[in-house]
Amino acid sequence: MRSLLVCPDDFLFRLLRGTPTPGEPPLYLVEDRGLRARIARRGAAALAGDLEDPALYRRAFRTGRESVLLAVPHERRDRVLEALRTAAPLAPVVVLKDDARALDPAAPGVTALSAGTIGERVIQPELERAALRARVDRLRAHLAPADRLLILLQDDPDPDAIASALALRTLLGRHKTSAPIATFGGVTRPENRAMIKILEIEVEVIEAGDVDAYDMVAMVDVQPSFFEERLGVVDLVIDHHPEEAPVRAHLKDVRPSYGATSTILTEYLRAAEVKISQKLATALLYGIKSDTLHLERGGTRADMEAFAYLYLLANHNALRRIERPELPGDALEVLAQGIARRELVDGVLFSHLGPVAYVDLIPQFADFFLQVEGVEWSVVSGIVGGDLHVSVRNVGYIRSAGEVVRSAFGALGGAGGHRAMAKAVIHLGDWRTAVGDASPDAIRHGIAERFLRALRN
Ligand SMILES: [Mn+2]
C-alpha cells in the first residue's frame, strides 16, 4: 500500500526522494502546480491542491487506510488534519513537528514525530559513527608500519578477550602471521577451550621475553598494569575494565561503562563497514553473553545493540556446542559411578570420580550436580595424571567459592576462583604427605571434611 506525503512545499520531497520503499512508491500532496510538475518530471507521483480541502484527499486515498506523513506549518496543522480526517477518518497519520505544542489528544490515530527524535535517532548516531570511523582511521594509521603486531590477552583469556582479539585483527585486515593472538598463560577453562576449538581460533602461549620480537603490541580486554611482566609503552589498549593505574599507551579506548570489550570492537567494525563473518559474529556474541551473563550483569544499551546486531549473523549451532560441551560416550560410565557414589551433606553434594580421561569432565560434572534439587554447592573431584583436581560450584548468592576453596585446600596445592566457581589442584604426592592415604575412600573423606570445615568457618 502506498503512503501519502503531505507538505505545502518541496521539503518532504527533498528529504525523502531516493528512500527505498518496499511497496508502491509514495504519493506527494503539494499545493503548488509548478512543484507538482517538477516532482513528476523526476519520476515521482504527485497531486496538487488545497491541503485544507477534503477534496484533495478524496482524490489521493484509495482505501482510506494508507498511512500519511504530514509536514505543515503548525498554525495550519489542525485545519489540514481536519480536512484529511473528513476524507479518511481511519488513516494512520504521523505529524512531523518542530514546535513544542502538543497534538490534540482527541485526534485518534495521530502520532507525533519531533525534530528532536530525528536528531536523537538519526543524526546523533551518525555523528558518533563518524567519530568512531575517524578513530579507526587513526588506529589503522598508527599500527600500519608494524610488520608483526602482537595482540596480547590476559592470562587464561576469556571469550570476550579472544573475540575482541579476532575482531581487532579483522579490523586491521591482518592474519595470524602478521598479527598473532597470544597470552602468557594458555587457555584452560572448558568453555574457552571449546570456543577456540569449535571456532578454530589460534591463541599462542608466549613468554615475556618473546614480546621484543614484535614491532608493536596491542592489548584487548586487559591493561598493561594487569601484567606482572614489564612491557614498556604499548601501542594500543582497548578495554572495559576501570583504569586502576593510568594506561600508558599510544592509543587507548577504555570504557568502563561497557559490559564487554566485544561491544566496543563491534561498534568499530560497524562504523568502518567491515564485513563481520559468521565465525567472528559468533565469537563476539559469545564474548558479550559470557561477560554480561546473558546481558543480565552490567549490560548497557550499547551491549544490547551490539548483541542484537550480532545475533542475526552468528552461528547458533556452534554457540550451543560451545556453551554445552559434548560428553564422550565413555564419560557416561564415569558419570554413572559419580552419581552412585554421591554424598549430600547440608546442601553440599560431594562426588569423587576417581581417575578420569580428561580434566574437563570434572568441572562439567560439577555444573551438572548443581542442578540437583536442594543442592547449593557441588564439589567434584577426580584424578588426572598425578594430580587430584577438585571443582567447586555454587548457586551464586552465598559465600564466595574462591574463598572457601582457598581456605580448604590452599595449604595442599593451587586453589582459588571466583564467586560461583573455583578449583583446587593438588599433587597426589603432597596429598599423601599431608593426609597419609590416597585411596578413593580417604580422598572422598578428606575432601568433604576439609571443605565442610572451611564452609562453616
Ligand atoms: Mn571483558
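Remember, it's a predicted structure, so these values are computed and weren't measured experimentally. We count ligands from 1, going down the list as the structure has it; atoms in each ligand are counted the same way.
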Looking at [X] and [Y], would you say the former's side chain and the latter's main chain have a donor-acceptor pair under 3.5 Å?
| X | Y | result |
| --- | --- | --- |
| Q223 | H241 | yes |
| R393 | A420 | no |
| S378 | A366 | yes |
| T117 | L113 | no |

| query | When you check the space around the Mn ion (ligand 1), which protein N, O or S atoms turn up under 2.8 Å? | reply | D160 OD2, D221 OD1, H240 NE2, D291 OD2
| Do N315 and T282 have side-chain atoms, one donor and one acceptor, less than 3.5 Å apart? | no
| Residues T300 and D303: side-chain donor-acceptor under 3.5 angstrom | yes
